[in-house]
Structures are given as structure tokens and as C-alpha cells.
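All remarks here apply to the structure that follows.
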Amino acid sequence: MLQEKVAALLNDQVNKEFYSAYLYLDFSNYFEARGLDGFANWYKIQAQEERDHAMLFYQYLQNNNAKVTLEAIAKPDKNLDSDMAVLQAGLEHELYVTSLINAIYAAAHEVKDFRTMQFLDWFVKEQGEEETNAHDLISKMELFGSDPKSLYMLNSELASRVYSAPSLTL
């Protein structure tokens with residue numbers, strides 16, 4: 001049985017992951033309106049990944065006989081006034097999610113909840129990948145974003161991204 005604080009943090013993470021999906025759909029909308037369908041595709045896939053992450057937390061709670069409470073999902077609140085602002089907001093958000101995962105891990109460690117710690121190991125690794133991807137997008141935009149031909153090529157690269165479901169087993 002999950003300790004109450006750990007269960008509450010896991011339950012809250014379900015909402016945070018769904019919020020992440022909303023945020024990335026908002027980013028996708030921004031890029032779609034700009035005619036950058038590759039960037040829009042990249043963030044649509046990000047949104048799908050975040051929905052899957054939410055469902056992994058949801059299922060983990062259910063598998064451990066913990067009550068799942070679904071709360072309202074907040075409206076994205078980022079100021080999307082430039083391509084770079086969107087990418088930087090994405091990195092900022094991933095750093096925030098990493099801090100949330102770390103807080104759950106710390107709470108599980110405190111009560112010696114090794115099963116939850118093992119479950120979270122995948123998310124710790126995933127967050128490292130997410131932060132790297134966000135940094136890479138910013139670096140590429142800094143290098144190529146001001147040149148229309150290079151931006152077109154970057155957009156084409158991002159359009160080739162396909163969805164891959166997480167390989168975490170519960």
C-alpha cells in the first residue's frame with residue numbers, strides 16, 4: 001500500500017502530465033498558425049507522450065489500490081510571442097516536471113517505498129531525455145532559425161518525428 005503523501009504526489013502528477021499535454025498542444029497550435037507544420041508535429045507528439053505519462057501514473061496508482069482523483073486541467077498560461085519563446089517555455093516546463101518527479105522520488109525514498117522508486121526510475125531517465133531534446137531544439141533554432149532556408153530544413157526534420165509509445169511496464 002502506498003504511503004499517503006506518496007500517493008497524493010503521484011495523483012497530482014497525473015494532472016501535471018495532462019497539463020503538459022495541453023501545454024504542448026498549445027505550442028503545436030502556435031506553430032501551425034505560423035505555417036511551421038514540422039514544429040507543430042513535434043509538439044503534437046510531445047502532447048501524446050505526456051498523455052501516456054499521465055496514464056502510466058494513473059495505472060500505477062490503480063495497481064497499488066490507491067484512489068485516483070481527477071482534477072481540472074489548467075489552461076496553458078505561457079506567452080507565445082516568438083518561436084524561441086515557445087522553445088524556451090518548453091525547456092522551462094521540462095525542468096519543472098523534472099523537479100516534480102524528483103520530489104515524488106524523494107518522498108518515496110523517505111518512506112522506503114522501493115517499488116515506487118523503481119517505477120519512477122524510468123521517468124527520471126525520460127526527463128533527462130526531455131531536457132536534452134528541449135536544449136537541442138533551442139540550439140538548432142539559435143543556429144538556423146534566422147535563415148529561412150535553414151528554418152525550412154529544421155521544420156522538415158521535425159516533421160519526420162513519429163510517435164513511439166513508452167516501453168515502461170507496470
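Note that this is a predicted model, so its numbers are computed, not measured. Reckoned from all heavy atoms, side chains included, excluding hydrogens, waters and symmetry mates.
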Original post:
Do the side chain of D147 and the main chain of S150 share a donor and acceptor less than 3.5 angstrom apart?
Top reply: yes
Original post:
Just by distance, do the side chain of T116 and the backbone of D113 share a donor-acceptor pair under 3.5 Å?
Top reply: no
Subject >> E4, CD atom: more than 12 neighbouring heavy atoms under 6.0 Å >> reply: no
Subject >> Contact list for residues 101-112, test side-chain hydrogen bond (donor to acceptor under 3.5 Å, both in side chains), sequence neighbours left out >> reply: Y105-D121
Can you tell me how far the [atom1] atom of [X] sits from the [atom2] atom of [Y], to the nearest 0.5 Å?
X: I138; Y: N133; atom1: CD1; atom2: CG; value: 11.5 Å
X: L80; Y: L87; atom1: CG; atom2: CG; value: 10.5 Å
X: E32; Y: N29; atom1: CD; atom2: CG; value: 8.0 Å
X: N155; Y: L36; atom1: CG; atom2: CG; value: 5.0 Å
X: D77; Y: Y22; atom1: CG; atom2: OH; value: 14.0 Å
X: F144; Y: M153; atom1: CZ; atom2: CE; value: 7.5 Å

Subject >> Test of ring centre spacing under 6.0 Å for F27 and Y24 >> reply: yes
Just wondering, do [Y] and [X] contact through their side chains at under 4.5 Å, heavy atoms?
X: D136; Y: T132; answer: yes
X: L151; Y: M141; answer: yes
X: Y60; Y: L2; answer: yes
X: L143; Y: L154; answer: no
X: N41; Y: I45; answer: yes
X: K16; Y: E50; answer: no
X: L70; Y: N15; answer: no

May I ask you to check whether [X] and [Y] show a side-chain donor-acceptor distance below 3.5 Å?
X: E17; Y: Q13; result: yes
X: Q62; Y: Y58; result: yes
X: D83; Y: Y30; result: yes
X: Q46; Y: R161; result: yes

Original post:
Which of parallel (below 30°), tilted (30 to 60°) and perpendicular (above 60°) describes H53 and F123?
Top reply: perpendicular
**OP:** Check E126, E130, E131, Q127 against V97 for a side-chain contact (heavy atoms from CB on, under 4.5 Å) and give me the one that passes.
**Re:** Q127
Subject >> Set of residues satisfying side-chain contact (heavy atoms from CB on, under 4.5 Å) with respect to T69, sequence neighbours excluded >> reply: N11, K67, E71
Subject >> same_hphob_cluster(L9, M1) at 4.5 Å side-chain heavy-atom cutoff >> reply: no
Original post:
Are F57 and V68 connected, step by step, through hydrophobic side chains (Ile, Leu, Val, Met, Phe, Trp, Tyr) whose heavy atoms are closer than 4.5 Å?
Top reply: yes
